[in-house]
Peer 1: 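Right, I'll just put the structure down here and ask away after.
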Amino acid sequence: MNREHQKILTSNLVQLTNDMVIDDVLIAHLENNDILTESMAEEIMVKKVKATRNRELVTLLKKRGPAEAFTVFLDGLVSTKQYHLARLLDREAAEAKIAQHKAHGPQQCTSSGDLKQLDKKMEGASISEPLEESTTKDVKLNDETKEITYLTEETFQNKANGDEDIYGNASFPKGRAIIINNVEFKTLPTRYGSNVDCKTLEKLFSDLGYDVMVYKDLTKQAMIDTIEAVRVYDHTCHSSFILAILSHGGEDGKIYGVDGDPISIKENIRDKLSNANCSSLCDKPKIIIIQACQGVKKDRGSRPESADSYTEGVDTKPDPESEVLPATCTAEACTQDVYQQDGIPVNNPPEMADFVFAIATAEDYISLRNKQYGSAYIKAIDKVFHFHAHSLDILHMLTKVKRLIGDRHCTLEESEGGARIMSKVKQAPETKTLLRRQFFFFPHKPYIQVKAAV
């Protein structure tokens, strides 16, 4: 590797250490191109700590003799969809490689005016006219996740460009979708089940037309750096943005990094990505999804004035048609049925406008996560959005999510006097909106002709 490329790797070592994901695909790519030997690959993969693995790979790359080592590594980052790192190392070369990599996707960034006729033969596409709201099927949590219903070209062109009452969401991809999935903490409990939530959201966002990027086990500073990278990124050709954080949380909008130090939803997310501080997202919807506690209170449910519709105490027998996760549990039940708590620019738009904060639980309360199935909140978002994204705006869908979660009891494992007890609790998701128009996802699969390289 030449000296210039070595300097590039050295100057970006911190972000590579924090962000890079070394998987079998990347390692195989480097081995197949004679950049790493089998023993080198084994030396990297035996490292148990992500940061150590990443530093080891960068160190080995800088020592490799082949002049094309840097280019092969860049190809590997692109092939594993770590586009932001590829752009960080060599933006011009990365953009060309990313365009080539996505050519068969197709996920090119383009405006709706440039979209070609839909390819009716596109594999996996389910094309139908959007349903009227009055005829949409209500979704239950145990319904199988169906494929997104994609809008026809005519309907898409008529609706997706937006108007004074609806945000335009016509680019493809729609925008970036960043997922921060914190599982293994130094001092806080491991968040078993969070990987299930991460995979669920990754598929959902991809189905909705977003370029998805996943970051796992970030410290406070790494989360701040990731959000800063979002802030300075050029979102000009995108219509909207999604950030989902799965972590432990606490009062006053705290979200914890794996080192046990928290960031603030207000200071580190809202303020940083505001219209004033992130100009390329100005006047564009910014969807923030938080699966984390907001305190330590537990919602035991309440009794309405009319007792006819409520059985005192816990549900006598849950309706199997309304459950996807176990809703009842005894002290003898297996732990997979037990939940844990996740806690300790037009007309100069307002600075703090165009946000939606979809938070798993109400302020000061715990949120719930199942070790095996993940969280009910993320499961509900996945179900509702898959069923209704083609016809309902996001606030209407989040209201359906609230009802699904609010209508069910969950069993929480608690400790009292050293004894293990099971108690019934409920959860009320919270939505904070600063939107000034309706926001629809307008799921759509455009056919984009990619010119062959000359």
Side-chain angles (χ1 to χ4, degrees), residues 83-84 95 98-99 102 105-116 118 130 148-179 201-202 204-213 227 229-244 269 273-289 345-350 352-358 385 388-398 433-448:
Y83 301 143
H84 69 301
E95 292 296 352
I98 291 168
K102 291 182 175 181
Q107 298 176 357
Q108 304 260 349
C109 184
T110 182
S111 65
S112 63
D114 296 329
L115 298 177
K116 307 299 181 182
L118 265 178
I148 289 285
T149 299
Y150 293 102
L151 303 185
T152 64
E153 179 71 5
E154 180 181 0
T155 302
F156 176 80
Q157 295 289 357
N158 288 339
K159 294 190 173 188
N161 286 314
D163 56 35
E164 62 181 11
D165 295 320
I166 297 175
Y167 286 100
N169 200 28
S171 66
F172 202 86
K174 306 290 186 186
R176 285 283 182 88
I178 306 294
I179 303 173
L201 289 180
E202 188 173 3
L204 172 64
F205 296 157
S206 179
D207 287 349
L208 290 171
Y210 288 82
D211 184 4
V212 184
M213 304 175 69
I227 295 168
V230 171
R231 188 188 73 80
V232 300
Y233 179 77
D234 185 3
H235 302 268
T236 303
C237 63
H238 295 155
S239 300
S240 53
F241 169 76
I242 299 175
L243 170 65
I269 300 177
L273 301 181
S274 67
N275 287 334
N277 291 323
C278 185
S279 59
S280 63
L281 280 177
C282 183
D283 200 33
K284 298 177 182 179
K286 295 166 278 286
I287 314 304
I288 315 297
I289 298 174
V346 177
N347 294 331
N348 193 23
M352 295 300 171
D354 310 311
F355 279 102
V356 171
F357 292 89
F385 283 26
H388 297 300
H390 65 288
S391 60
L392 299 182
D393 70 281
I394 191 169
L395 296 183
H396 196 151
M397 289 193 291
L398 288 174
T433 177
L434 294 167
L435 295 181
R436 296 174 295 126
R437 308 180 190 91
Q438 287 183 297
F439 175 69
F440 293 84
F441 282 106
F442 296 125
H444 171 244
K445 278 194 172 181
Y447 174 72
I448 301 174

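This chain uses plain numbering: 1 for the first residue, then up along the sequence.
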Peer 1: I need the M352 CE to N275 CG distance, nearest 0.5 Å.
Peer 2: 9.0 Å

Peer 1: Do S391 and F440 come within less than 4.5 Å of each other through their side chains, counting heavy atoms only?
Peer 2: no

Peer 1: Of all heavy-atom pairs between A389 and P443, which one has the smallest distance, and what is that distance?
Peer 2: O-CD, 3.5 Å

Peer 1: For the residue pair Y150 and D207, what are the closest heavy atoms and their distance?
Peer 2: OH-O, 3.1 Å

Peer 1: So, for N169 and F442, which heavy atoms are closest and what is the spacing to 0.1 Å?
Peer 2: CB-CD1, 3.9 Å

Peer 1: Start with the C-alpha gap between I288 and V356, add the side-chain angles, then the distance that decides, and say whether side-chain contact (heavy atoms from CB on, under 4.5 Å) holds.
Peer 2: CA-CA 6 Å; I288 315 297; V356 171; over 6 Å; no

Peer 1: Indicate yes or no for a side-chain donor-acceptor contact from S274 to the backbone of A353 under 3.5 Å, with no hydrogens or angles considered.
Peer 2: no

Peer 1: When you compare the side chain of K174 with that of L208, does any pair of heavy atoms fall below 4.5 Å?
Peer 2: no

Peer 1: Run the side-chain contact (heavy atoms from CB on, under 4.5 Å) check on T433 and I394 step by step: do they pass?
Peer 2: CA-CA 10 Å; T433 177; I394 191 169; over 6 Å; no

Peer 1: Any side-chain heavy-atom pair from L273 and R231 closer than 4.5 angstrom?
Peer 2: yes

Peer 1: Excluding sequence neighbours, so at least two apart, what forms ring pair (Phe, Tyr, Trp, His ring centres under 6.0 Å) with F441?
Peer 2: F385, F439

Peer 1: Check whether any side-chain heavy atom of V230 lies under 4.5 Å from a side-chain heavy atom of H235, and answer yes or no.
Peer 2: yes

Peer 1: Looking at every heavy atom in both H238 and R176, which two are closest together, and how far apart are they?
Peer 2: ND1-N, 4.0 Å

Peer 1: Any side-chain heavy atom of D354 within less than 4.5 Å of one from L434?
Peer 2: no

Peer 1: Evaluate the ring planes of F355 and F357, with Trp represented by its six-membered ring, and classify them as parallel (under 30°), tilted (30 to 60°) or perpendicular (over 60°).
Peer 2: parallel

Peer 1: Would you give the length of the straight line joining atom CD1 of I287 to atom CZ of F241, rounded to the nearest 0.5 angstrom?
Peer 2: 10.0 Å

Peer 1: To the nearest 0.5 Å, what is the distance between OH (Y210) and CG (L201)?
Peer 2: 13.0 Å

Peer 1: Going by side-chain contact (heavy atoms from CB on, under 4.5 Å), R437 matches just one of D393, D165, D283. Which one?
Peer 2: D283

Peer 1: Does any non-hydrogen side-chain atom of I178 lie less than 4.5 Å from one of I227?
Peer 2: no

Peer 1: Report yes if some heavy atom in the side chain of N161 is under 4.5 Å from a heavy atom in the side chain of I166; otherwise report no.
Peer 2: no

Peer 1: Report the distance from atom NE2 of H84 to atom CD1 of I98, rounding to the nearest 0.5 Å.
Peer 2: 10.5 Å

Peer 1: Going by distance alone, is a donor N or O of one side chain under 3.5 Å from an acceptor N or O of the other, for Y167 and S239?
Peer 2: no

Peer 1: Looking at every heavy atom in both T236 and K284, which two are closest together, and how far apart are they?
Peer 2: O-NZ, 3.2 Å

Peer 1: Mind listing the closest non-hydrogen atom pair of P349 and R436 along with its distance?
Peer 2: CB-NH2, 3.4 Å

